[in-house]
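Notes to accompany the following structure.
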Amino acid sequence: MKYFEFSGKVQRSEFWATSIILLILFFISIVTATALTAFSAPIGIVAVIATLVASAWAQIAVIVKRCRDAGINPWWTAACYIPYLGFIIWIVIGCLSTDKEVQS
């Protein structure tokens, strides 16, 4: 699966696996950045920002693909970034079943 591309589809299992991996990667980068910043190394902040940008890009791409697989408009991805409500929408998108009419 190509995590940074917006074409194609993603099933539920791939969606959740990608989300968990990206979350773990982000927490590891935060811990690493905290350790590096403790030694006055500004590289830690740069590492966190780079990881955040890459994780956000991959997560947006996976949500778009998941929307396409579920048969809903991919613009619902934008709703995932509404504070508080977006988390619920993200879970719903992750739990929707595959649309049988959209499958190829």
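No continuous path of ILVMFWY side-chain contacts below 4.5 Å connects Leu22 to Phe27, so the two sit in separate hydrophobic clusters. Ile82 and Ile91 fall within the same hydrophobic cluster, defined by Ile, Leu, Val, Met, Phe, Trp and Tyr side-chain heavy atoms under 4.5 Å apart, directly or through other members. With hydrophobic clusters built from ILVMFWY side chains whose heavy atoms lie under 4.5 angstrom apart, Ile21 does not share a cluster with Phe15. Hydrophobic clustering, with ILVMFWY side chains joined whenever heavy atoms are under 4.5 angstrom apart, groups Val64 together with Phe87. Hydrophobic clustering, with ILVMFWY side chains joined whenever heavy atoms are under 4.5 angstrom apart, groups Val92 together with Ile89.
Residues forming a ring pair (Phe, Tyr, Trp, His ring centres under 6.0 Å) with Phe6 (at least two apart in sequence, or on another chain): Trp57. For the ring pair (Phe, Tyr, Trp, His ring centres under 6.0 Å) test, no residue two or more places apart in sequence or in another chain qualifies with Trp76.
Residue pairs that meet the side-chain hydrogen bond (donor to acceptor under 3.5 Å, both in side chains) test with at least one member in residues 83-97, sequence neighbours left out, do not exist here.
Of all the heavy atoms in Ala61 and Glu5, the pair that sits closest is CB-O, 3.5 Å. Cys67 and Pro74 get closest at one heavy-atom pair: CB-CA, 3.8 Å. Nearest heavy atom pair, residue Gln59 against residue Ser19, reads NE2-OG, 3.3 Å.
More than 12 heavy atoms of other residues, nucleotides or ligands shown are found within 6.0 angstrom of OH on Tyr81.
If you take CD1 on Ile72 and CD1 on Ile93, they are separated by 4.5 Å, rounding to the nearest 0.5 Å. Here the CD1-OG distance, from Ile60 to Ser55, works out to 11.0 Å after rounding to the nearest 0.5 Å. Distance OG1/Thr18 to CG/Leu23: 12.5 Å, rounded to 0.5 Å. With values rounded to the nearest 0.5 angstrom, Trp75 atom CH2 is found 9.0 Å from Thr77 atom OG1. Taking CG of Leu25 as the reference point, atom CD1 of Ile20 lies at 13.5 Å (rounded to 0.5 Å).
Taking 4.5 Å as the limit, some side-chain heavy atom of Asp69 sits within range of a side-chain heavy atom of Thr98.
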